[in-house]
Number of protein chains: 2
Amino acid sequence: MKLNNLDLNLLVVFNAIYTEGSLTKAGEIVGITQPAVSSALSKLRDYFDDPLFIRVGQGVQPTAKTENIIIHVREALSILQKSLETPDAFDPAESSRTFKLSLNDISEGRVLPILIDKVHNQAPKVSLSSYYTRRDDLQHALAANEICFAVDPFPPSDSEIKKELIFEDEFVCGFRKDHKLAKEKNLSIEQYLDLDHIHISGRKRGGALVDNALAKLQLDRKIILRAQHYLITPEVLNSSDMVLTCTKSFANKHDLAYKTLPFEVAPSQFFLAWHQSNDTDPGCMWLRELIKDSFAEAKSRWH
Amino acid sequence: MKLNNLDLNLLVVFNAIYTEGSLTKAGEIVGITQPAVSSALSKLRDYFDDPLFIRVGQGVQPTAKTENIIIHVREALSILQKSLETPDAFDPAESSRTFKLSLNDISEGRVLPILIDKVHNQAPKVSLSSYYTRRDDLQHALAANEICFAVDPFPPSDSEIKKELIFEDEFVCGFRKDHKLAKEKNLSIEQYLDLDHIHISGRKRGGALVDNALAKLQLDRKIILRAQHYLITPEVLNSSDMVLTCTKSFANKHDLAYKTLPFEVAPSQFFLAWHQSNDTDPGCMWLRELIKDSFAEAKSRWH
DNA sequence: GCACTATTATAAATAATACTTATAGTATTT
DNA sequence: AAATACTATAAGTATTATTTATAATAGTGC
């Protein structure tokens, strides 16, 4: 529990003796009695094998050894003093912190390139690490600080989890540009149901928002491919007649043609979620703004 | 005895937990048991009013607050680590140490301009302080580190005091350039004794080396002005017919004419003296060389 | 030079607290 | 669901820091 067998608290006394030039006064400053200072000094003398201070006149004079040591001691103490007194600060230019995020693949593709650019510009030594955390584990992962941010359409509902809507876009029906649908003016609901659909979901079963909307109309679409990652779909769509119900910005970004859906469906939403313990952390606050900016930029870029 | 009421030794544990990601392993590193680490952590938690580490999986995850603190703690600890392990070092470029010297006025005039220039070039933040310490007090002042160097013709003879001859010059008889003596070829002893002499000495009574040499010849010179500071003599000499027995370099420096003394006298010598406790101190060693260089330079400049 | 003052060092006793062993509690893993 | 791995708590012990009281020492003033 001691650094090199040295009780670090002794250094506080050491510094006080140096600045006061007197053991008695040092004691008053530190708030202990003179014999306590004397005893602390004798421990330091043993440790450094040097008198450190020599009695002269009405006080003590530092030894050359003390002059050599005090510089470093003062520097170290003032670093601690500052960092312990000051409320937490985050200096992007200097920080080499790693921020861990949970993004699904569509969010990664949507904002990671934009975000990493912003981060790197402001904070060259900061690194980001993004790995997807399953929705069921989000609450825990955020609380345990395994990740500091999650982007998800349905973040945990918990008083400890803060969230903010950062992305919203309407669903459209996307397909390849030379698809026969491209010539049609509107997409009817019959046509929609008749098409071969791709469904992307991280879960093993269960439909998407669209399927819930259809179910309300007692309708059902024909899903012929179910996969976990959105980013594989452009390739599939371009070599088939399949369609993908996705956001307009996804279609735009991946150069797909699309039609407005022939029925009502709630928009696609993504929330940024974080644990309340990080709510006022300057580093997290800084990154939070950058993430929000990045999503906004993504939205306007592919609108 | 604690910095802001924080036991600094706890920070060693704090750092160990951070690097190990586990209280148990941190204990092994620091050399205490796991409950001791746990207790240290709980004190830190109270102090910082934050969990600091959150238990997750087979270890603990640092909190955002911890991330903010650890940077400074590590910096401070590594400064201490280095400075406590490393034998004393002196970095002229960084040091802001003040070196205290004892120089009489002639030495000040001789080397201080040269020395301060050298010092300032190599060590912009170092300062010098020169005040004369009476010969009787030198031993004490050096031992008590009130001064780290003394320049004196007769430094204390003591096994604890180290000394080195740093300046030697012959005595000459100096006077103003348009003095009638200037036309003479040599100075006879009769002429010398017949002149009006200035005698400089810090002591209230007693002669100089020259007077001792004359005494051996059972001779005596006529001292009509006794003063304490050499630096007033040029002005007096230039407005009178008085002469001053001084070193050749003093005469040259102050633009005086001079003649070789018509009798044998030991040369003027100055020793640099320091206490043995500073003998191997890097800062003192550094300055010692600079002082020696400065005297050598002074000698060659006014030779 | 001697007494007086101011300061540091030492001694003994006390108070504080850090550490250990033992155990309970709490996640995670298989 | 049991086992594992880790952290937290409790109680007791040992250590050590601090205090009061006193001695020793150096410097100051008459």
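All values below come from the heavy atoms of this structure, side chains included, with hydrogens, waters and symmetry mates left out. Protein chains get the first letters and strands the later ones, always in sequence-line order, with residue 1 at the start of each.
Rounded to an integer number of Å, the gap from CG of A/L6 to C1' of D/dT16 is 15 Å. Note: CG (B/D46) to C1' (C/dT17) measures 15 Å, nearest angstrom. Rounded to whole Å, the distance from CG on B/N145 to C1' on D/dA26 is 17 Å. Atom CG in B/N9 sits roughly 18 Å away from atom P in D/dT15 (whole-Å rounding). D/dT7 atom P lies 10 Å from atom CD of B/E28, rounded to whole Å. Distance, B/L8 CG to D/dA17 P: 14 Å, rounded to whole Å. One interatomic measurement links the two molecules: CG of B/L41 to C1' of C/dA18, which rounds to 15 Å at whole-angstrom precision. Here D/dC6 presents its P atom at 19 Å from CD1 of B/I54, a figure rounded to the nearest Å.
Direction of the helix axis in the helix from C/dG1-D/dC30 to C/dT30-D/dA1 shifts by 40° between the two five-pair termini, rounded to 10°.
Within the structure, salt bridge (Lys or Arg N to Asp or Glu O under 4.0 Å) contacts touching residues 52-74 of chain A (residues at least two apart or in different chains) are A/K65-B/D88. Every pair tested for salt bridge (Lys or Arg N to Asp or Glu O under 4.0 Å) that includes a residue from residues 14-35 of chain A fails, sequence neighbours excluded, so the list is empty. Every pair passing ring pair (Phe, Tyr, Trp, His ring centres under 6.0 Å) that includes a residue from residues 9-60 of chain A is listed here, sequence neighbours excluded: A/F14-A/F53. Among residues at least two apart or in separate chains, there is no ring pair (Phe, Tyr, Trp, His ring centres under 6.0 Å) pair with a member in residues 56-85 of chain B.
Residues passing the side chain to side chain donor-acceptor pair (under 3.5 Å) test with B/E164 are B/K292, sequence neighbours excluded. Considering only residues two or more places apart in sequence or on other chains, A/Q34 meets the side chain to side chain donor-acceptor pair (under 3.5 Å) condition with none of them. Looking at residues two or more places apart in sequence or on another chain, you find a side chain to side chain donor-acceptor pair (under 3.5 Å) between A/Q61 and B/K100. By the ring pair (Phe, Tyr, Trp, His ring centres under 6.0 Å) test, A/Y230 is found to be paired with A/F250, residues two or more places apart in sequence or in another chain being considered.
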Identify each atom pair where a protein N or O and an N or O of nucleotides 26-30 of chain C are less than 3.5 Å apart, giving names and distance.
residue: C/dT26; atom: O2; partner: B/R55; partner atom: NH2; Å: 3.2
residue: C/dT28; atom: OP1; partner: A/H140; partner atom: NE2; Å: 3.1

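Among the candidates A/I32, A/V37, A/T33, the single residue satisfying the side-chain contact (heavy atoms from CB on, under 4.5 Å) test with A/P35 is A/T33.
Remark: A/S38 is not in phosphate contact with C/dT8, judged by side-chain N or O atoms under 4.0 Å from OP1 or OP2. In this structure, A/K43 reaches the D/dA17 phosphate: one of its side-chain N or O atoms is under 4.0 Å from OP1 or OP2. Phosphate proximity of C/dA9 to A/R45: present, with a side-chain N or O under 4.0 Å from OP1 or OP2.
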Only pairs under 3.5 Å count here: list side-chain donor-acceptor contacts from residues 76-84 of chain A, not counting sequence neighbours, and write none if there are none.
residue: A/S78; atom: OG; partner: A/E75; partner atom: O; Å: 3.2
residue: A/Q81; atom: NE2; partner: A/E85; partner atom: OE2; Å: 2.9
residue: A/S83; atom: OG; partner: A/I79; partner atom: O; Å: 3.1
residue: A/S83; atom: OG; partner: A/L80; partner atom: O; Å: 3.1

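You'll find that the side chain of A/Q34 is closest to C/dA9, out of C/dA9, D/dA8, D/dT19.
Listed in residue order, the members of residues 17-25 of chain B having a heavy atom less than 4.0 Å from DNA chain D are B/S22, B/L23, B/T24.
In terms of heavy-atom proximity, B/A64 sits nearest to A/N278 at CB-OD1, 3.0 Å.
Put simply, the side chain of B/S107 reaches to within 4.5 Å of the side chain of B/F270, judged on heavy atoms.
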